Enquirer: 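This is the structure I want to talk about, given as structure tokens.
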Amino acid sequence: MEFFDFHHHKKHFRNGIYNLDIEQIPPDSLYSIGIHPHDIDIYDIERQLSWMRNMMFQNCFAIGECGLDSLVPIDQKIQEAVFLRQINISNEVKKPVIIHCVRKFYEVISFKKKAEQPMIIHGFNKKQQIAKDLLANNFYLSFGKAVLYNLSLQHILKNTPLDKFFLETDNEDFKIEELYLKVSEIKEISLEDLNEQILENLHTIRNG
């Protein structure tokens, strides 16, 4: 059985969504394209946005990762402006948004009303209340390696509806199968049913 990796950095891995780094050439498999907060060029944002548009080929699944990050040295207002531009592109091309967020979850939630397409928080690893607030605002959560050992995150995932999450390796060195095995235990469903549910969730966000 093959398991879908919602967000990864392995260019030659085909069963998932490859996160395209800024100004790379896209692979011939599914990928997402966006301007990460730490990659924003404050002197040439228009060129970066133009690159995005020009690289949206047939296999482009989503916009991102993009979002807000309190730890990068880019002014918050600039981050918000670039994030909004990418949300608007998402609305225009009808593709979901994969979000990078560090300590700015409620600011990200405030942008939800601007979005016409599904929004997914990748690498979710925060507290139960943040998860509840994101889910209440119709975000999806994508979980990664921390689920294998973080008991608090396992509890959050157990309480996350089956139709509201994805699983990913991000840039961690482990096999996505390990994560699927753990989550099937946590959710008390078979691997087959979990895999089918993830693919169904994928179909849902792809079709808005």
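The residues of the chain are indexed from 1 along the displayed sequence. On a predicted model such as this, the values are computed, not experimentally measured, just so you know.
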Enquirer: Using the six-membered ring wherever Trp is involved, compare the ring planes of Phe13 and His8 and label them parallel, tilted or perpendicular (cut-offs 30° and 60°).
Expert: perpendicular
Enquirer: Ignoring hydrogens and angles, state whether a donor on the side chain of Tyr31 or Gln24 is under 3.5 Å from an acceptor on the partner side chain.
Expert: no
Enquirer: Is the His36 ring parallel, tilted or perpendicular to the His100 ring (thresholds 30°, 60°)?
Expert: tilted
Enquirer: Can you tell me how far the CG atom of Leu134 sits from the OH atom of Tyr140, to the nearest 0.5 Å?
Expert: 13.5 Å
Enquirer: Under 3.5 Å, is there a donor on one side chain and an acceptor on the other for Gln197 and Asn201?
Expert: yes
Enquirer: Could you give the distance from CD (Glu65) to CD1 (Ile120), rounded to the nearest 0.5 Å?
Expert: 12.0 Å
Enquirer: Less than 3.5 Å apart, any donor N or O on the side chain of Asp69 or His38 sitting next to an acceptor on the other?
Expert: no
Enquirer: Applying salt bridge (charged side-chain N to carboxylate O under 4.0 Å, His left out) as the test, list every pair that has at least one member in residues 131-157; sequence neighbours left out.
Expert: none
Enquirer: Can you confirm whether the side chains of Ser142 and Glu168 place a donor and an acceptor under 3.5 Å from each other?
Expert: yes
Enquirer: According to a 4.5 Å side-chain heavy-atom criterion applied to Ile, Leu, Val, Met, Phe, Trp and Tyr, with indirect links allowed, do Leu71 and Tyr106 form part of one hydrophobic cluster?
Expert: no
Enquirer: Taking Asp5 as the fixed residue, which of Leu30, Ile198, Leu179, Thr169 is the one that meets the side chain to side chain contact (heavy atoms under 4.5 Å, CB included) rule?
Expert: Thr169
Enquirer: Are any side-chain N or O atoms of Glu23 and backbone N or O atoms of Trp51, one a donor and one an acceptor, separated by less than 3.5 Å?
Expert: no
Enquirer: With distance as the sole test, does Asn15 use its side chain to make a donor-acceptor pair with the main-chain N or O of Phe3 at under 3.5 Å?
Expert: yes
Enquirer: Specify whether Phe124 and Phe105 have parallel, tilted or perpendicular ring planes, treating 30° as the upper limit for parallel and 60° as the lower limit for perpendicular.
Expert: perpendicular
Enquirer: Side-chain heavy atoms nearer than 4.5 Å, only ILVMFWY residues, links allowed to pass through others: does that put Val183 and Phe166 together?
Expert: yes
Enquirer: Nearest 0.5 Å, please: how far is CG in Asn88 from CD1 in Ile63?
Expert: 11.0 Å
